[in-house]
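Okay, so here's the structure we're looking at.
Just so you know, these numbers come straight off a predicted model, no measurement behind them.
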Amino acid sequence: MAINGNNIIITKGGTAIAATKSHEIQSGCELIEISGASQGAWREYIAGRKEWSVTVSYLLLENSRNNVRDVLQVDNIVTLVIKDRSNTYSVTGTAICTACKQTYTKGNLAIGSFTFKGTGALS
């Protein structure tokens, strides 16, 4: 059975990021090319260091006076917890807020997004 995106919550500093509409969580690793006499013309790699990032899209709330001030959150170091609603499983990590984007379009809901880059392990 597939999981509903509504069942995943991302908290920043212990508080759920309000009015989120989507989350993207990405992890990856660098590739280190190795060479040897047996490879010939083909490249071969080993896994290097890991990295992770999170992007959260959210609705700008009408009654929140801090909507516009969200853009000042860049460079903040935060603890993120990514968990399911029942707290059955979760991962935690420290991240730096690298970007905040807000879009205000006449006739549409105002939306924003935060991008966090992990610093250290996601565990």
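Residue Val78 is grouped with residue Val91 when hydrophobic side chains (ILVMFWY) are merged at heavy-atom distances under 4.5 angstrom, including chains of intermediate members. A chain of hydrophobic side-chain contacts below 4.5 Å, direct or via other Ile, Leu, Val, Met, Phe, Trp or Tyr residues, connects Leu122 to Val54. Val81 and Ile8 fall into different hydrophobic clusters, where Ile, Leu, Val, Met, Phe, Trp and Tyr residues are linked whenever their side-chain heavy atoms come under 4.5 Å apart, directly or through other members.
Here Val74 is tied to no hydrophobic group at all, with no ILVMFWY side chain closer than 4.5 Å.
For Arg85, the CZ atom counts as densely surrounded, since its 6.0 Å shell holds more than 12 non-hydrogen atoms of other residues, nucleotides or ligands. The neighbour count for Lys50 NZ, taken as heavy atoms of other residues, nucleotides or ligands under 6.0 Å away, does not exceed 12.
Rounding to the nearest 0.5 angstrom, the gap separating the OG1 atom in Thr119 from the CD1 atom in Ile77 is 7.0 Å. Considering CD1 of Ile46 and CD of Glu30, their distance stands at 9.5 Å, rounded to 0.5 Å. Rounded to the nearest 0.5 Å, atoms CG (Leu31) and CZ (Arg49) are 14.5 Å apart. Note: Leu80 CG to Ile17 CD1 = 6.0 Å, rounded to the nearest 0.5 Å. Summarising the geometry, atom OG belonging to Ser86 is positioned 9.0 Å from atom CD1 belonging to Ile9; distances are rounded to the nearest 0.5 Å. Rounded to the nearest 0.5 Å, atoms CD1 (Ile34) and CD (Glu44) are 4.0 Å apart.
Formation of a donor-acceptor pair under 3.5 Å by the Gln26 side chain with backbone atoms of Ser53 is not found in this model. No side-chain donor-acceptor contact under 3.5 Å links His23 to the backbone of Ile10. In terms of modelled atom types and a separation under 3.5 Å, the side chain of Thr98 and the main chain of Thr115 share a donor-acceptor contact.
Leu59 is listed as a side-chain neighbour of Ile111, based on a closest heavy-atom distance under 4.5 Å.
Between Ala95 and Trp52 the shortest heavy-atom distance is CB-CH2, 3.8 Å. Between Gly48 and Cys29 the shortest heavy-atom distance is O-CB, 4.2 Å.
For the ring-ring contact (aromatic ring centres under 6.0 Å, His included) condition, the pairs that include at least one residue of residues 95-115, sequence neighbours left out, are Tyr58-Phe114, Phe114-Phe116.
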